[in-house]
Structures are given as structure tokens and as C-alpha cells.
Amino acid sequence: MPPIPGSGLAKGLAVTLRTMTRKTVTAQYPDTQPELPPRSRGVIGLFEENCTVCMLCARECPDWCIYIDSHKETSPPAAPGGRERSRNVLDRFAIDFSLCMYCGICIEVCPFDALFWSPEFEYAETDIHELTHERDKLREWMWTVPEPPALDPGAEEPKEIAAARKAADKLAAQRAQAQQDQTDEKNQDEKNQADETGGTP
């Protein structure tokens, strides 16, 4: 049976009329910010305190868009008779986002958790050369990284958190001891001054 003339036009108009009666779902960006999924891949944030300049991220990057410069520093021995230690100090960490393909290999291979995905995506530039962001900008993006999902209540505490808590407790104890020493020294000075002036301590 041959199609009725004008049936295609009628179907098209019916779709148009149905769509016109529905509520619009267009987000008026940038006035309305989009609700991004929690694991969105926006940019890469750098937590440089964890970076040991192992160069794994730069070596594994398929696009060679990570640039790292460093120098060696020698620290004195921790105990008498010990040997000097040398460590790498980060001078430059930059990512060229005009080359990056957001594969996430650098984040996966980092053994010290120095790189993280940030959902930040508003970093367009008018010049392609300005898409190479240095460590200061990568550090700013670090603070937009969402919190990791909660652990299973029955799971063991991660060793990183335990080590960080131990270091924080040790630092707090050292500060408390330093304050106590200052207080004792101040009290002793006051007592000595009172003895010298003939007053009662």
C-alpha cells in the first residue's frame, strides 16, 4: 500500500508538538554550573609534598606532556658516625594540557599518591601555549579534589593514615615539650632575678 501523501510531515510535526509541551532540560552554562559525576576527569592536581621525583609519571605518559626538573640535596647524617643522605628536590612540575589525553596513567603509576583527578574543567585559554600549567596551578587544583569514598567500617585503617597520625602525634609532643622547656626556663629566670634582688622567689 503506498504511503499517504504528507504522512511524514505530519509525524514530524507531531514530534515537534510533543517536544514543545515538555519542560526544557537545557542548562544555561555558565550561569548554571553542571552537576558532574564524582569521578569526573577534569584536570590533574599535584600534592607536591608526596612527590619524590621518581619520574614514573613522565616516563609512562603516552603523550610526553609532563615536564619535571629537580636537583639533588645532601643532608647531614642523622646520628654521629652515619653517612650523608642525598634526596631529589622538585624544581619544576608542569603538565601540557594541550597534549594530555586524560588517560590517567600518570595517576595510576604514581607510587606515592602525588597526583589526583580534580573535577575542575574551566581552564580554557586563548593561546595554546598557556595550557602548560606549572606546579603552582596544579597545587591550586589539588584543593578541588573530592574526598575519597568512605571505607568499609570493618576495614583496617590504611597504613598511610596511621603513619600520618604517628608523625602528627610526634610533632605535637615535640611542640608541647618545647613549650614546657620555655616555661621552665622563664620560671627559672624569674627565680634567679628574684634571688639577685633579694626578694622572695
Side-chain angles (χ1 to χ4, degrees), residues 25-75 85-153 155-172 174-175:
V25 294
T26 303
Q28 299 299 324
Y29 177 82
D31 298 327
T32 303
Q33 292 292 321
E35 293 184 7
L36 299 174
R39 293 172 63 88
S40 297
R41 295 186 176 188
V43 290
I44 297 169
L46 170 67
F47 191 54
E48 61 182 272
E49 283 82 357
N50 287 356
C51 182
T52 61
V53 200
C54 65
M55 304 292 287
L56 269 176
C57 55
R59 286 201 302 265
E60 296 295 329
C61 178
D63 294 329
W64 292 87
C65 65
I66 300 176
Y67 312 112
I68 301 175
D69 291 330
S70 67
H71 69 275
K72 285 192 176 292
E73 282 187 0
T74 304
S75 56
R85 303 263 179 178
S86 64
R87 68 183 185 93
N88 290 324
V89 178
L90 185 66
D91 291 328
R92 183 190 186 212
F93 194 108
I95 300 177
D96 186 352
F97 285 101
S98 66
L99 294 176
C100 179
M101 64 181 186
Y102 304 92
C103 63
I105 291 176
C106 56
I107 296 172
E108 295 295 327
V109 301
C110 179
F112 300 104
D113 290 334
L115 297 173
F116 295 87
W117 278 119
S118 165
E120 195 71 28
F121 64 93
E122 298 176 303
Y123 57 98
E125 301 288 350
T126 56
D127 186 357
I128 194 172
H129 296 98
E130 294 178 5
L131 283 172
T132 301
H133 294 291
E134 301 291 335
R135 66 178 182 175
D136 295 337
K137 188 66 176 175
L138 301 179
R139 173 74 175 207
E140 289 178 19
W141 283 328
M142 183 63 212
W143 309 122
T144 63
V145 173
E147 290 288 329
L151 297 174
D152 184 355
E156 295 181 5
E157 185 180 50
K159 60 182 179 181
E160 294 86 357
I161 295 178
R165 182 177 290 113
K166 183 178 178 182
D169 292 343
K170 183 178 178 182
L171 182 60
Q174 289 175 349
R175 288 181 178 170

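Count residues from 1 along the sequence.
- Of the inter-residue distances, the one linking C51 atom SG with L90 atom CG reads 5.0 Å to the nearest 0.5 angstrom.
- The closest side-chain donor-acceptor pair between T144 and S118 falls under 3.5 angstrom.
- Residues P34 and F121 meet the side-chain proximity criterion, which asks for heavy atoms closer than 4.5 Å.
- No side-chain N or O of Y67 forms a donor-acceptor pair with one of E134 less than 3.5 Å apart.
- Separating the CE atom in M101 from the CG atom in D63 is a distance of 5.0 Å, to the nearest 0.5 Å.
- Heavy-atom minimum distance, L115 versus I107: O-CG2, 3.5 Å.
- Residues L46 and R135 are in side-chain contact: their nearest non-hydrogen atoms beyond the backbone lie under 4.5 Å apart.
- Across all their heavy atoms, W117 and V43 have their closest contact at CE3-O, 3.5 Å.
- Here the straight-line distance linking atom CG of L138 with atom CD1 of I44 works out to 8.0 Å at 0.5 Å rounding.
- Within a 6.0 Å sphere centred on CG of L36, other residues, nucleotides and ligands contribute more than 12 heavy atoms.
- To the nearest 0.5 angstrom, I95 atom CD1 is 6.5 Å from C65 atom SG.
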- Task: Kindly indicate, with the supporting measurements, whether the criterion side-chain contact (heavy atoms from CB on, under 4.5 Å) is fulfilled by V89 and V53.
- Result: CA-CA 7 Å; V89 178; V53 200; over 6 Å; no
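- Between Y123 and W141, a ring centre-to-centre spacing shorter than 6.0 Å is recorded.
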- Evaluate the salt bridge (charged side-chain N to carboxylate O under 4.0 Å, His left out) criterion for residues K137 and E130: first the C-alpha distance (whole Å), next the side-chain angles of each, then the deciding distance (0.1 Å), finally the verdict. CA-CA 12 Å; K137 188 66 176 175; E130 294 178 5; over 6 Å; no
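- With hydrogens and angles disregarded, a donor-acceptor distance shorter than 3.5 Å links the side chain of D127 to the backbone of H129.
- Here R59 contributes atom CZ and I66 contributes atom CD1; the two are 11.5 Å apart, rounded to the nearest 0.5 Å.
- Scanning all heavy atoms of the two residues, the minimum distance from T132 to A94 falls at CG2-CB, 4.2 Å.
- In this structure, I68 and C57 approach most closely via the heavy-atom pair CD1-SG, 3.7 Å.
- Within the 3.5 Å criterion, the main-chain N or O of Y102 finds a donor-acceptor partner in the side chain of R41.
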- Can you list the steps and then say if H133 with E125 is a side-chain contact (heavy atoms from CB on, under 4.5 Å)? CA-CA 11 Å; H133 294 291; E125 301 288 350; 4.1 Å; yes
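- A donor-acceptor pair is defined here as one N or O able to donate and one able to accept, closer than 3.5 Å; no such pair exists between the side chain of R87 and the backbone of S75.
- Under a 4.0 Å N-O distance rule, the pair E73/R85 does not qualify as a salt bridge.
- Judged by distance alone, the side chain of N50 and the main-chain N or O of D113 form a donor-acceptor pair under 3.5 Å.
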- Check the pair H71, D91 against side-chain contact (heavy atoms from CB on, under 4.5 Å), reporting the backbone distance first and the verdict last. CA-CA 7 Å; H71 69 275; D91 291 328; 2.9 Å; yes
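- Atom CZ of R92 sits in a crowded spot, with more than 12 heavy atoms from other residues, nucleotides or ligands closer than 6.0 Å.
- With values rounded to the nearest 0.5 angstrom, I161 atom CD1 is found 12.5 Å from E156 atom CD.
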- side-chain contact (heavy atoms from CB on, under 4.5 Å) assessment of E49 paired with M142: CA-CA 12 Å; E49 283 82 357; M142 183 63 212; over 6 Å; no
